[in-house]
Amino acid sequence: MTTLLADGVGTHEIAGKKVARLGFGAMRLTGLGIWGEPEDRAECVRVVRRAVELGVQFIDTADSYGPHISEEIIREAIHPYPDDVVIATKAGLTRNGPDTVRRGDELVRLGPRAWPPVGRPEYLRQQALLSMRRLGLDRIDLFQLHRVDPAVPLEDQVGELKNLQDEGKIVAIGLSQVTVGQIEQARLIADIATVQNRYNVADRSSADVLDYCTRHGIGFIPWAPVAAGQLARPGGPVDHIAAAHGSTPSNVALSWLLHRSDVVLPIPGTSKVPHLEENLAVSQLRLTEAELAELDVAA
């Protein structure tokens, strides 16, 4: 890629900075099951550096990725941070082990039981301060509530993030995996800059949340953005559109997301430089109106 990434994907403002709408999700800078050290830490460092070289200005991580490993690698790779780069992190999910383990030749997913939510205000404050230390920041550009803890009133969880914002420790506040009602409740307490929900061409269960964010100018960060499920099967709509462009199913899925709304900020992740470069090549992919319409009704 020889042009600025933003030229091909547009920009969105977060924490007072206009960033290219295609970011980088740093969850994969860890070991199997999002747990422990990655297989090749040096390659992960190169991935983050290469992302910024290619124009990525929005990097999303969380304290629970590793835990802590992803934040540490980001700092190792690009600290001191370029002025135009937004570093986003999250707290509110704890870890009690990997979410995927290897049993013989089989990978077994343990799922949500490896990620219990904790939203007590004192815990969220502690984690924000520890993330600042690991990332080497005086303040965090975007600090997100990773999950709403059902055992703690939402107003207490968002209220503590608002306290951190008022103290200058964070710039902007985000939420993750929330309903429209929860966003509206949170907005009574603080300005909400972003929402991060699962959303992709195959899973549109958060379409109402995306539509709400679009109406209100709130950045929408779809996680699992390249998942295409059965739509990418041989002969399926994602597959044949990719073939028509000499592209990949992942890039077709990303391109569809970028066209879905101007507030969408996909964050495809990887631990390999070639895969990173392949994902960022979506900035040069131009789907036709007919192809976008086909994908709109495909799920």
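None of the values given here were measured: they were computed from a predicted structure.
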Between [X] and [Y]: side-chain donor-acceptor atoms closer than 3.5 Å:
| X | Y | value |
| --- | --- | --- |
| Thr30 | Ser70 | no |
| His245 | Arg286 | no |
| Glu291 | Trp256 | no |
| Arg147 | Ser176 | yes |

Query raised in the report: What do you reckon, is CZ of Arg139 surrounded by more than 12 foreign heavy atoms closer than 6.0 Å?
Result: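 Not buried by this count: 12 neighbours or fewer within 6.0 Å.
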Check this for me, if you would: do [X] and [Y] make a salt bridge, where the nitrogen-to-carboxylate-oxygen distance has to be below 4.0 angstrom?
| X | Y | result |
| --- | --- | --- |
| Asp296 | Arg204 | no |
| Glu43 | Arg46 | yes |
| Glu160 | Arg125 | yes |
| Arg187 | Glu184 | no |

Query raised in the report: Which residue pairs satisfy the ring pair (Phe, Tyr, Trp, His ring centres under 6.0 Å) criterion with at least one member in residues 99-143, sequence neighbours excluded?
Result: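 Output for this query is empty, none listed.
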Requested in this report: Among residues two or more places apart or on two chains, list those pairs meeting side chain to side chain donor-acceptor pair (under 3.5 Å) that have a residue in residues 81-96.
Outcome: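 Only Gln57-Asp84, Asp60-Lys90, Tyr65-Lys90, Glu71-Thr89 qualify under side chain to side chain donor-acceptor pair (under 3.5 Å).
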Query - All side chain to side chain contact (heavy atoms under 4.5 Å, CB included) counterparts of Thr270, not counting sequence neighbours - result: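 In terms of side chain to side chain contact (heavy atoms under 4.5 Å, CB included), with neighbours along the sequence ignored, Thr270 is linked to Phe24, Val47, Lys272, His275, Leu276.
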Query raised in the report: Only one of Leu265, Val56, Thr11 clears side-chain contact (heavy atoms from CB on, under 4.5 Å) with Val19; which?
Result: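 Passing option: Leu265.
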Report task. Please report the C-alpha distance between Glu106 and Arg102 in whole Å, then the side-chain angles of each, then the deciding distance to 0.1 Å, and finally whether the salt bridge (charged side-chain N to carboxylate O under 4.0 Å, His left out) criterion is met. Result -> CA-CA 6 Å; Glu106 184 182 3; Arg102 189 180 300 279; over 6 Å; no
Query raised in the report: Judged by atom type as modelled, is there a donor-acceptor pair below 3.5 Å linking the side chain of Gln196 to the main-chain atoms of Pro222?
Result: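 Absent.
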Query raised in the report: What distance do Ile59 atom CD1 and Ile74 atom CD1 have between them, rounded to the nearest 0.5 Å?
Result: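 Ile59 atom CD1 to Ile74 atom CD1 measures 6.0 Å (nearest 0.5 Å).
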**Report entry** salt bridge (charged side-chain N to carboxylate O under 4.0 Å, His left out) between Asp141 and Lys17, intermediate numbers included
**Finding:** CA-CA 9 Å; Asp141 291 322; Lys17 303 176 184 179; 3.6 Å; yes
